[in-house]
*Asks:* 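Shown below is the structure under consideration.
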Protein chains: 2
Amino acid sequence: MNRDLVEGRTVAKNPKATIADVARLAGVSTATAGRVLGRYGYTKEETRSHVLEAARKLGYRTNALARSLITGKTRTIGVVAGDIQNPFYASILRGIADVVENREFGLLIINSDESLEKEIRAVDLLREKQVDGIIVSPCDTRDSRHLRDLHAEGLPLVLLDRTVAGLDVDRVAINNIDAAERAVAALIAAGHRRIGLVGELLEGAGDDLEAFVRRALSGNVLSTDTLYPSWQRLLGYLRAHQRAGLDVDLSLICRVGAYSAARAVAAALPLISRADRPTAVFATDGTMSEGVVRAIAQSALRMPEDLSIVCFDDLDWMDFVAPGISTMAQPRLAMGEAAATMLLERIDGSDHPARAIEMQAEFISRGSISTPGQTIGGQTRGKKP
Amino acid sequence: MNRDLVEGRTVAKNPKATIADVARLAGVSTATAGRVLGRYGYTKEETRSHVLEAARKLGYRTNALARSLITGKTRTIGVVAGDIQNPFYASILRGIADVVENREFGLLIINSDESLEKEIRAVDLLREKQVDGIIVSPCDTRDSRHLRDLHAEGLPLVLLDRTVAGLDVDRVAINNIDAAERAVAALIAAGHRRIGLVGELLEGAGDDLEAFVRRALSGNVLSTDTLYPSWQRLLGYLRAHQRAGLDVDLSLICRVGAYSAARAVAAALPLISRADRPTAVFATDGTMSEGVVRAIAQSALRMPEDLSIVCFDDLDWMDFVAPGISTMAQPRLAMGEAAATMLLERIDGSDHPARAIEMQAEFISRGSISTPGQTIGGQTRGKKP
DNA sequence: CTGAAAGCGCTTACAG
DNA sequence: CTGAAAGCGCTTACAG
């Protein structure tokens with residue numbers, strides 16, 4: 001408190017000046033000072049300017065904490081992302097930040113590293129800090145009491161990229177099955193018949209890849225909605241094969257088991273080094289894409305002459321890594337914007353039923369797909385010099 | 001308030017339960033309940049368990065707002081970064097997040113887009129939210145009243161990557177002059193004599209590139225500390241030339257004037273297309289590096305046969321874009337960690353004099369440097385097929 | 001339009 | 001070790 005302040009005299013700016021200090025200097029009640037400083041209620045213009053002048057003199061800054069304690073609103077949202085360093089999340093976060101900053105909201109960001117335990121702690125922390133709403137890319141599509149509770153208690157929640165079984169809340173994602181199918185169809189259209197897949201495919205979809213594929217092929221996959229994206233994209237891969245009347249070779253499906261480019265390299269290398277290697281590979285997301293391209297760079301294979309690829313997510317480097325990477329691009333920025341916009345609407349009080357926004361993925365055709373067995377530069381399946 | 005709660009009966013969990021509710025149910029005072037729930041002061045073990053039990057029954061969660069209002073600490077720090085989507089900032093942010101999450105602090109992130117106006121608003125917002133400290137990568141090395149005020153008022157502040165004139169606070173950065181000199185020296189050592197530079201070089205260093213270079217060459221650059229990184233790296237470029245007794249060709253220095261890969265492409269294309277083009281190019285940061293590599297990909301030049309390059313920052317793609325990009329790598333993650341660690345130390349009360357942590361940049365030699373005029377594959381300065 | 005009073009949900013001295 | 005009271009810095013009814 002600044003009890004040493006004297007009206008009428010020039011006083012040193014004090015960042016800790018409070019509404020009471022301003023009121024005293026302006027000769028009004030704290031209620032009135034609060035009204036002009038907090039921009040609520042009515043104030044006579046003259047009073048207003050006195051208060052403002054006093055606030056200026058004291059270097060008054062409002063303490064959002066005190067305000068929030070009363071209003072119950074913090075004008076801050078929280079987001080728990082897998083890894084802010086991953087371009088997928090970095091772009092989404094940027095989209096979120098853009099809409100949030102426009103509304104002068106704060107943005108609290110926490111990494112989950114795809115760990116349920118960390119996600120739960122993140123959500124806890126965000127709640128303690130009384131955020132007005134939360135955007136999460138849930139790392140577990142089933143075990144989600146923390147999210148269910150959130151929603152049950154009325155805290156606005158938006159799910160990004162992934163869905164949670166039985167949790168009917170706003171969400172934004174692309175149609176992963178369809179997008180993957182279109183990506184793989186591009187390969188098939190070019191004549192490929194043996195197409196590899198490199199995907200995270202973490203546990204969660206029944207754990208047994210072979211059984212999953214068998215079920216999928218016979219049209220028996222229940223609740224595709226709550227599958228992880230990589231499993232949904234596997235479904236798209238299978239569907240593209242079925243549509244084209246192609247058999248699926250299980251040994252061509254690489255289950256990396258982790259969100260790691262390095263692990264993807266390790267998984268892709270054997271696949272593309274086999275004698276009966278596929279003529280093309282589909283990578284199920286940006287991280288897997290980086291792994292596959294890295295594996296090819298480490299091998300002696302030429303792209304696309306020896307191996308065609310189609311990736312997922314349009315990363316910075318995909319248009320200048322020769323021969324240009326054909327890929328299924330998700331509108332990452334727009335996904336973040338959409339999620340934030342939905343969340344803010346909820347925070348503003350909208351109470352329509354939960355909506356699922358399906359964003360459009362766009363296939364970008366560049367140079368990484370060629371016809372298998374095609375002869376280029378005088379040799380087929382040749383080695384680099 | 002949950003006035004409808006009845007002691008002894010099973011009550012529905014209420015996320016809005018307050019310490020008063022818990023105290024009532026446990027039959028103790030709010031002071032006592034507060035002591036066990038807030039983990040401060042002493043409590044008899046028996047009392048403790050009663051309170052805990054009551055809290056559990058009610059689903060009590062502490063309201064950090066109320067606590068912060070009293071303690072004056074929010075256990076939240078703010079960081080204003082240029083663009084969280086940029087890999088440079090994304091990694092730094094990850095480093096910051098890692099140490100901050102360990103201490104269970106919150107992390108408020110805002111983009112400045114290198115605009116002073118946005119930076120000022122960001123800092124304002126963070127202060128309103130009463131963060132315990134701020135990390136900023138200031139977009140203006142001079143006009144910085146907002147940062148000066150912050151520091152004068154005792155709010156912990158750490159500067160990242162850039163320095164502000166006359167603001168003696170903790171900071172972390174690499175030695176940009178030295179790092180750039182080493183990078184360019186690698187080119188000179190390989191025999192290059194005409195080396196281009198592509199850098200942001202925004203206004204701020206006196207605005208006149210030619211005059212700056214002339215001054216630098218005659219050893220007259222005052223306060224190199226508060227230069228923007230790209231200007232410091234230009235200094236390193238010049239110094240490498242001087243050390244080698246090489247003349248500097250001003251026309252080889254490309255001033256992009258913006259933090260934009262697209263703008264860098266536009267600036268680099270004419271440079272590398274000239275008849276008397278340089279035999280090598282040095283890019284002053286990740287964004288410029290992407291621009292240069294992109295420009296080369298768009299040109300008919302082969303790398304490194306027709307043009308050698310050395311980049312700055314080790315981005316994901318640099319080790320798999322053929323022929324592998326030689327670059328000066330900043331320890332981005334560690335820079336973020338160091339900044340956060342310093343900030344938390346200050347928050348913990350440390351009051352030693354301001355420290356400047358100089359991180360080590362590491363040159364990574366890959367395939368993008370060759371000897372100029374070298375004959376590879378039977379032709380020199382040839383075109384791609 | 002303005003002020004006195006209460007209160008948001010906690011923590012902090014201060015007694016006991 | 002525990003409780004009654006005050007208070008953090010605001011906003012919110014409620015009078016006037």
Side-chain angles (χ1 to χ4, degrees), chain A residues 1-3 5 14-52 54-55 58-76 127-132, chain B residues 1-3 5 14-52 54-55 58-76 127-132:
Chain A
M1 298 276 271
N2 306 293
R3 308 219 179 279
L5 299 174
N14 186 324
K16 302 288 166 43
T18 148
I19 274 202
D21 298 323
V22 174
R24 203 171 308 125
L25 182 58
V28 299
S29 70
T30 61
T32 298
R35 275 188 275 262
V36 0
L37 266 11
R39 282 181 274 274
Y40 51 87
Y42 301 90
T43 343
K44 193 166 46 164
E45 184 48 37
E46 198 192 337
T47 317
R48 217 180 94 79
S49 59
H50 283 156
V51 172
L52 256 18
L58 297 176
Y60 170 81
R61 319 182 78 97
T62 124
N63 181 332
L65 249 35
R67 173 180 298 164
S68 296
L69 188 56
I70 298 174
T71 62
K73 265 96 186 57
T74 50
R75 294 186 73 80
T76 298
R127 300 187 62 165
E128 276 197 6
K129 295 199 181 298
Q130 312 295 124
V131 294
D132 292 339
Chain B
M1 299 276 271
N2 307 294
R3 309 219 177 281
L5 299 173
N14 186 323
K16 301 289 166 43
T18 147
I19 273 201
D21 298 323
V22 174
R24 202 172 306 125
L25 182 58
V28 299
S29 69
T30 61
T32 297
R35 274 188 275 263
V36 1
L37 266 11
R39 280 182 274 276
Y40 51 86
Y42 302 90
T43 342
K44 196 168 39 165
E45 184 48 39
E46 198 192 336
T47 318
R48 216 180 94 79
S49 58
H50 283 155
V51 172
L52 256 16
L58 297 175
Y60 170 82
R61 319 182 77 97
T62 124
N63 181 332
L65 250 36
R67 171 181 297 165
S68 296
L69 189 56
I70 297 173
T71 62
K73 265 96 187 56
T74 51
R75 294 187 71 81
T76 298
R127 300 187 62 164
E128 276 195 8
K129 296 201 180 297
Q130 311 297 122
V131 295
D132 292 338

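Order of the sequence lines sets the chain letters (A, B, ...), proteins ahead of strands, with each chain counted from 1.
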*Asks:* Which comes earlier along DNA chain D counting from the 5' end, the contact point of B/G41 or that of B/L69, where each point is its nearest nucleotide?
*Replies:* B/G41
*Asks:* According to side-chain contact (heavy atoms from CB on, under 4.5 Å), who are the partners of A/A64, at least two apart in sequence or on a separate chain?
*Replies:* B/E128
*Asks:* Whenever both distances are under 3.5 Å in a Watson-Crick or G-U wobble pair, mark it; put DNA chain D into dot-bracket that way, with [ ] for crossing pairs and | when the partner is on another strand.
*Replies:* |||.||||||||.|||
*Asks:* We want to know whether B/K129 and B/T76 form a side-chain donor-acceptor pair, criterion being a heavy-atom distance below 3.5 angstrom.
*Replies:*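 Absent: no donor and acceptor within the cut-off.
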*Asks:* D/dG9 C1' sits how many Å from B/K129 NZ, rounded?
*Replies:*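 These atoms are roughly 15 Å apart.
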*Asks:* Could you state the atom-to-atom distance from CD of A/E45 to P of C/dT2 in whole Å?
*Replies:* 10 Å
*Asks:* Applying side-chain contact (heavy atoms from CB on, under 4.5 Å), name anything that partners A/E45, two or more places apart in sequence or on another chain.
*Replies:* A/R48
*Asks:* Just to verify, which of A/V22, A/D21, A/V51 counts as forming a side chain to side chain contact (heavy atoms under 4.5 Å, CB included) with A/Y60?
*Replies:*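 Running side chain to side chain contact (heavy atoms under 4.5 Å, CB included) over A/V22, A/D21, A/V51 with A/Y60 returns exactly one hit, A/V22.
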*Asks:* By side chain to side chain donor-acceptor pair (under 3.5 Å), which residues pair with A/N63, not counting sequence neighbours?
*Replies:*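 Counting only residues at least two positions away or on another chain, A/N63 forms no side chain to side chain donor-acceptor pair (under 3.5 Å).
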*Asks:* Walk me through it: do A/V28 and A/H50 pass the test side chain to side chain contact (heavy atoms under 4.5 Å, CB included)?
*Replies:* CA-CA 9 Å; A/V28 299; A/H50 283 156; 5.8 Å; no
*Asks:* Do B/V36 and B/L52 make a side-chain contact, defined as non-hydrogen atoms from C-beta onward lying under 4.5 Å apart?
*Replies:* yes
*Asks:* Select one nucleotide: of D/dC1, C/dT2, D/dG9, the one nearest the side-chain heavy atoms of B/Y42.
*Replies:*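 Among the listed nucleotides, the one closest to the side chain of B/Y42 is D/dC1.
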*Asks:* Once each nucleotide of nucleotides 10-16 of chain D is scored for protein heavy atoms under 4.0 Å, what B/S/- sequence comes out, 5' to 3'?
*Replies:* BBBB---
*Asks:* Counting just side-chain N and O atoms, does A/T32 come under 4.0 Å of either OP1 or OP2 of C/dG3?
*Replies:* yes
*Asks:* B/K16 has an atom NZ; how far is it from atom C1' of C/dG9, in whole Å?
*Replies:*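 Taking atom C1' of C/dG9 as the reference, NZ of B/K16 is at 13 Å.
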*Asks:* To the nearest angstrom, how far is B/K44 atom NZ from D/dC1 atom C1'?
*Replies:*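 Value for this atom pair: 8 Å.
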*Asks:* Sequence neighbours left out, what passes side chain to side chain donor-acceptor pair (under 3.5 Å) with A/S29? Give chain and number order.
*Replies:*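 Side chain to side chain donor-acceptor pair (under 3.5 Å) check on A/S29 returns A/T32.
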